[in-house]
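Computed from a predicted model, the values in this text were never measured in an experiment. Below, chain A is the first sequence line, B the second, and so on; all start at residue 1.
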Amino acid sequence: MVNNSYAVEVDHLRVTRGGRLVIPDLSVRIPTGQVVGLLGPSGGGKSTFIRAVVGVQVVESGTVTVLGEPAGSQGLRHRVGYVTQSPSVYADLTVADNVRYFGRIAGVDEAAVQEAIALVDLPSHATARVENLSGGQHSRASLACALVGRPDLLVLDEPTVGLDPVLRRDLWNLFGRLAAAGTSLLVSSHVMDEATRCDRLLLMREGEFLADTTPAQLLAETGAPDAEAAFLALIDRAASTAARSGGAGGSAA
Amino acid sequence: MNLRLTLLTAGRVLRQIRGDHRTVALMIVVPCVLIGLLAWIFNATPFVFDHIGPALLGVFPFVVMFIVTSVATLRERTSGTLERLLTTRIGKGDFMAGYALAFGFMAVVQALVATGFAVWVCGLDVAGPIWLLVVVAVADAVLGTALGLLASGFARTEFQAVQFMPAFVLPQFLLCGLLVARDALPDVLRWVSDALPLSYAVDAMKTITATSDALGDVGKDLVVIVGWIALALVLGSLTLRRRTP
């Protein structure tokens with residue numbers, strides 16, 4: 001592990017996609033060695049933020065620093081593992097062939113390939129073609145391709161979407177184990193229940209962070225019984241603040 | 001560019017093709033069927049087959065490889081695997097060269113089978129060395145691959161990618177000297193024909209058929225074809241963007 005205090009540092013990030021201002025002005029620090037959940041409704045800018053972190057998003061302005069280097073720079077290519085929202089593996093290859101390809105690119109040996117397949121619990125399907133797998137197995141194969149290079153930072157865009165509860169629990173357990181071993185994780189989800197599985201939370205809505213906190217703090221501050229209620233409370237609070245400042249602006253004009 | 005990453009990618013592409021038996025069969029069998037059909041059509045006038053056959057040996061691999069490559073790369077773009085690959089150590093050059101190498105290998109197999117079929121089964125009469133015929137056929141196939149990679153950069157869907165085939169290939173086919181000798185074309189069209197790579201492919205094939213000492217002239221044609229391959233690969237790699245809007 002490199003001695004960086006932050007896995008990701010974002011300063012005044014501004015992104016426009018398809019003519020729409022998705023992220024107006026975003027700054028955040030994401031610590032290393034933790035599971036950081038990026039939660040919020042669909043269309044709130046989570047994927048755009050994640051794309052900026054892995055360096056595949058054209059950004060209008062602002063800086064994104066990952067593990068001490070500018071996002072997407074050459075030196076980060078083997079240190080950041082990225083799983084896109086739709087499982088991006090070769091459907092016409094077997095699970096093992098997919099993981100092996102990405103593993104060899106990262107320069108790891110066959111033992112690491114088998115280990116990555118075991119981590120996502122797919123050894124029994126290693127020789128099956130991905131196109132013949134279920135949706136959950138498909139996305140786990142995609143995850144294995146990111147794990148295999150043993151990256152310092154794992155960036156996962158909605159890895160648990162569409163999975164059954166058992167599988168979701170297993171994956172979150174895996175994320176916890178990886179973080180305990182020193183990997184930093186940034187995991188997006190629109191399922192609020194998953195907030196409790198994270199060490200830190202970023203609640204994102206309309207390209208802004210409503211909260212950058214821990215699950216315990218979130219519940220304590222909002223007094224809400226669960227993450228979903230807390231999120232709604234934060235939205236209401238943000239809306240009333242906006243209305244007040246909007247009203248003040250109106251009377252001044 | 002990194003040779004190891006290029007070979008890894010070529011190996012992966014070949015593994016994908018190997019799993020798709022129908023595509024392999026189409027790549028190998030279709031040129032043979034078409035050449036056989038042609039030989040049959042000109043059964044009564046074998047000299048016509050001897051004239052057109054070699055030229056088509058250059059055109060078929062070009063067309064087949066163009067389609068296969070443009071669809072395969074477009075699939076990489078739309079499935080998200082390309083975006084993912086470009087966050088790894090793989091460079092754009094490794095990606096392009098990996099594809100060119102994999103389909104180049106398929107082209108060798110295709111050219112060997114198609115040429116063998118044309119010469120030994122259909123009785124194609126070739127004055128020049130047959131190995132040179134294979135070399136030009138392979139160069140044409142790699143040219144198809146390179147242009148297919150480039151074309152896929154401009155297609156958003158697989159429908160569009162397939163439509164690019166007539167757009168890229170048919171004008172070259174019309175102007176390559178197969179229908180009307182290139183000397184007999186109107187000036188402007190002859191200039192266009194002089195710039196297009198398939199013209200040189202067909203010229204080379206014609207030379208090999210007609211003369212036993214073809215190496216010098218064919219060499220010049222091959223230089224132009226290889227130049228086009230390099231140009232298409234470089235332009236194609238420019239259409240690969242690490243960062244997208």
Subject >> Check: D97(A) and R12(B) side chains under 4.5 Å, non-hydrogen atoms >> reply: no

Original post:
Which atoms of P151(A) come close to chain B, meaning under 4.5 Å heavy atom to heavy atom: side chain ones, backbone ones, both, or neither?
Top reply: neither

**OP:** Might you point out which heavy atoms bring S86(A) and S79(B) nearest each other, and give the distance in Å?
**Re:** OG-O, 4.2 Å

Original post:
Between R18(B) and D92(A), does at least one N-O distance fall below 4.0 Å, as a salt bridge requires?
Top reply: no

**OP:** Answer with side chain, backbone, both or neither: which region of A106(A) has an atom nearer than 4.5 Å to a non-hydrogen atom of chain B?
**Re:** backbone

Original post:
Out of T9(B), L82(B), L5(B), which one racks up the most heavy-atom pairs below 4.5 Å with chain A?
Top reply: T9(B)

**OP:** Verify the distance criterion only: is there a donor paired with an acceptor across the side chains of R15(B) and T94(A) at less than 3.5 Å?
**Re:** no

**OP:** Identify which of G80(B), P245(B), G19(B) forms the greatest number of heavy-atom pairs closer than 4.5 Å to chain A.
**Re:** P245(B)

**OP:** Measure the spacing between OG1 of T244(B) and CZ of R51(A) and express it to the nearest 0.5 Å.
**Re:** 3.5 Å

**OP:** For the residue pair V56(A) and R84(B), establish whether any side-chain heavy-atom pair is separated by less than 4.5 Å.
**Re:** no

Original post:
Heavy-atom distance under 4.5 Å between the side chains of V58(A) and R243(B), does that happen here?
Top reply: yes

**OP:** Name the region of L93(A), side chain, backbone, both or neither, that has any atom closer than 4.5 Å to a heavy atom of chain B.
**Re:** side chain

Original post:
Of the backbone (N, CA, C, O) and the side chain (C-beta and beyond), which part of I90(B) lies under 4.5 Å from a heavy atom of chain A, both, or neither?
Top reply: both

Original post:
When rounded to the nearest 0.5 angstrom, what is the spacing between OG1 in T87(B) and NE2 in H78(A)?
Top reply: 13.0 Å

**OP:** Check each atom of R241(B) against the heavy atoms of chain A and say whether the ones under 4.5 Å are side chain, backbone, both or neither.
**Re:** neither

Subject >> Identified side chain to side chain contact (heavy atoms under 4.5 Å, CB included) counterpart of Y101(A) within the set T81(B), L85(B), T88(B) >> reply: L85(B)

Original post:
Do side-chain atoms of R4(B) reach the backbone of R104(A) as a donor and acceptor pair under 3.5 angstrom?
Top reply: yes

Original post:
Checking heavy atoms, do the side chain of R129(A), its backbone, both or neither come under 4.5 Å from chain B?
Top reply: side chain

**OP:** Among E76(B), R75(B), Q16(B), find the residue that satisfies the side-chain hydrogen bond (donor to acceptor under 3.5 Å, both in side chains) test when tested with Y90(A).
**Re:** E76(B)

